[in-house]
2 protein chains.
Amino acid sequence: MATVSIKDVAARAGVSPGTVSNVLNRPEKVAGDTRARVEAAIRELGFVRHGSASTLRAGHSRTIGLSVIDIGNPFFTDVAAGVEDMASERGYAVILGNSSGSRLKEERNLLVFAEQRVRGVLITPSDEDPGRLELLRERGIAVVLVDHPAERSSQCAVAVNDVTGGAMAVGHLLRGGAGRIGYVTGPAAIRQCQDRRRGAEQALAAAGRDPAELREIAMPAMTAKAGQQAAEKLLAEDTLPDALFCANDLLALGMLRGLLQAGVRVPDDVSLIGYDDIDFASASTVSLSSIRQPTYQLGRVATELLLDECDNPDTHAHQQIMFQPDLVVRESTR
Amino acid sequence: MATVSIKDVAARAGVSPGTVSNVLNRPEKVAGDTRARVEAAIRELGFVRHGSASTLRAGHSRTIGLSVIDIGNPFFTDVAAGVEDMASERGYAVILGNSSGSRLKEERNLLVFAEQRVRGVLITPSDEDPGRLELLRERGIAVVLVDHPAERSSQCAVAVNDVTGGAMAVGHLLRGGAGRIGYVTGPAAIRQCQDRRRGAEQALAAAGRDPAELREIAMPAMTAKAGQQAAEKLLAEDTLPDALFCANDLLALGMLRGLLQAGVRVPDDVSLIGYDDIDFASASTVSLSSIRQPTYQLGRVATELLLDECDNPDTHAHQQIMFQPDLVVRESTR
DNA sequence: TGGCCTGATTAAAACGTATCAATCACAATG
DNA sequence: CATTGTGATTGATACGTTTTAATCAGGCCA
């Protein structure tokens, strides 16, 4: 219970508190034998540094904040894993904030980050308003956008090219001989949905087809359930498209189930491709073709940029990194 | 950039720093008009409380630590969601630590928690050694075990009865007329796997059968890929069991795929049931029967216990809560 | 009027660390 | 021998808040 402080350690080792602090923060500055004595004292007393005192005095902490839209989505889970690994390698702790798509919760999380005086924030913004990020930056908190292109060049951002991804998906469907193509998507406000659609249209145009041919089925959510509802919607019509491009794998898995249950064969009757390449894409009964994104890497690189900005504020050059997605062909497309 | 402190607010509002602190922490102690003045000053200056200074002086923080085994597993994601919601309702922030099953990483995370002087820790321990938790408790950090029964009655714990769950699953298979039953499981060291097995054996005994009949197929991991490998293993033998109980849904989904690809009909040839009832269980082509656990609730209740222990250390009574799982029957069993 | 109570406010002292100028011991140099 | 330099250590201060005891302004009662 008796919380042991740096002073206790100093007394035990027969040195001043300042020396103990040096052992902790710049071990190379202190002579070998004293360092050994101090380290022994630390071990014997079970001392652990008081992070808050350290933060208070130093003016900054060894934590970063990570704000994501939906921690239940495997995409963000993978990103978070990358963030955590890199942060932990560099001695930083991660405070996780889940906004669940709610702007209110996002703001509350950012407030917590500010109170904790995090060194920096990684955020996948839930909308396009840059105001609250500006507020953080004014406070000297570095910000890196994740899976979102930068609004200006004065900040770091990492993203994956969704336009390219959309083009890859539809290009693959076209090469398979698809005639009518449907695009099953989520809310129009989501940037990723728009970009993937643009890519799809580009692929049509590149094949000498009219982009307006793309038949859009928009759903209010991007879940497996929504995907199945989309299937019911499609099946109620007289003719099915030859191929379907779903804006994410959850939609695609729901769609797959809906089609198979109705006796539609995949890929013989309809080709189907998803997006994200989540684990379950390869585990479904008809394994799902998909667009793979370097999610884990996305998290790692974003964290690296953030920590570089924190640790070397003078030499740091803001970067906007755009990864490229990959096409993964499996059984659901011909 | 100019970090605005409680003093600046005090000056602006024409009061002393102590009064500002009172407005922040016990608003009822300060007269209405002064409070209004202070609140206005806070808003105008954009003041946000320095969490570290507060923690340092108060001796404890408004954060809790959550240490899980695998944040990529939907089970833990749901738990984490429950934790976060409850914590945030009570004004606490959550620091997430992912041990990935590694004892080293778990210890590193606990050290971070100790440095941050978290108010308490929620942990799903990665092994049975209680030593490191004892260490935390000596430091005055409350600990609640999650999805793990308490080792003694001097601590709180929340768990779901895995023995009952195993019995439910196999009982259901037996009622469906199953003769030979297989149990597809993960590493023997995992407590959940053992408990579910025990439940399965109990169900067999209760039906007047020999528990030793249960055919065990143990895999080194509990992933969909491992499940598919288990299917290959089974198919290489001359006869298939009538029914299979998989220790989690990922194994079951992999098994399902392996069986269907080989032309085995589910549930006509083989009944199949999983465990956890993750989202994808209902979305697979043959929807999966499973055992549902109140995961989100688990997280909420664990957090509630923890915060009660923190906020009312004198009146707090340690509790060991055991939830009961539910049987969810879908298409994969007859 | 003087004494006492109540409620509101303040002044000052911590909390545990990091930092920086100052000090020290001691060797090397002129 | 006096001086300078070097590397190691120390002492003192400040970080921004919470908290406790002390002060203050009125109102009430005798």
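In the text below, chain A, chain B and the rest are named by the order of the sequence lines, each starting its count at 1.
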(Q) Over all strands shown, is Arg35(B) touching base, sugar-phosphate only, or nothing at heavy-atom distances under 4.0 angstrom? (A) nothing
Q | Salt bridge present between Glu134(B) and Arg137(B) (N-O < 4.0 angstrom) | A | yes
Q) Is the shortest side-chain N/O distance from Thr34(B) to OP1 or OP2 of dT9(C) below 4.0 Å? A) yes
Q) Is the shortest side-chain N/O distance from Ser54(A) to OP1 or OP2 of dT17(C) below 4.0 Å? A) no
**Q.** Glu28(B) CD - dA8(C) P separation (whole Å)
**A.** 10 Å
Q: Give one of base, sugar-phosphate or nothing for Thr55(B), where a contact means two heavy atoms less than 4.0 Å apart.
A: nothing
Q) Once you round it to whole Å, what is the distance between P of dA8(C) and CZ of Arg37(B)? A) 14 Å
**Q.** Donor-acceptor pair between Asp78(A) and Gln293(A) side chains, under 3.5 angstrom
**A.** no
Q) Is there a side-chain polar atom (N or O) of Thr19(B) under 4.0 Å from OP1 or OP2 of dT10(C)? A) yes
(Q) Does Val15(A) reach a base, just sugar-phosphate, or nothing at all? Heavy atoms under 4.0 Å. (A) sugar-phosphate
Q: Using atom CG of Asn22(A) as one end and atom C1' of dT19(C) as the other, report the distance to the nearest whole Å.
A: 9 Å
Q) Think Ser5(B) has a side-chain N or O under 4.0 angstrom from the OP1 or OP2 of dG16(D)? A) no
Q: Measure the distance from NE2 on His60(B) to P on dG16(C) and round it to the nearest whole Å.
A: 13 Å
(Q) From CZ of Arg26(A) over to C1' of dT19(C), roughly how many Å is that when rounded to an integer? (A) 7 Å
**Q.** Side-chain donor/acceptor of Arg57(A) to base of dT17(C), under 3.5 Å
**A.** no
Q. Is there a donor-acceptor contact under 3.5 Å linking the side chains of Thr63(A) and Ser61(A)?
A. yes
Q | Pair Asp85(A) + Lys105(B): basic N to acidic O under 4.0 Å | A | yes
Q: State whether a side-chain donor-acceptor pair under 3.5 Å links Ser88(A) with Arg108(B).
A: yes
Q: Counting heavy atoms from C-beta on, name the nucleotide in dA11(C), dT18(D), dT17(C) closest to the side chain of Ile6(A).
A: dT17(C)
Q) Base, sugar-phosphate, or nothing: which does Val20(A) touch, judged by heavy atoms less than 4.0 Å apart? A) nothing
Q: Ignoring backbone atoms, establish whether Arg117(A) has a side-chain N or O less than 4.0 Å from OP1 or OP2 of dC15(D).
A: no
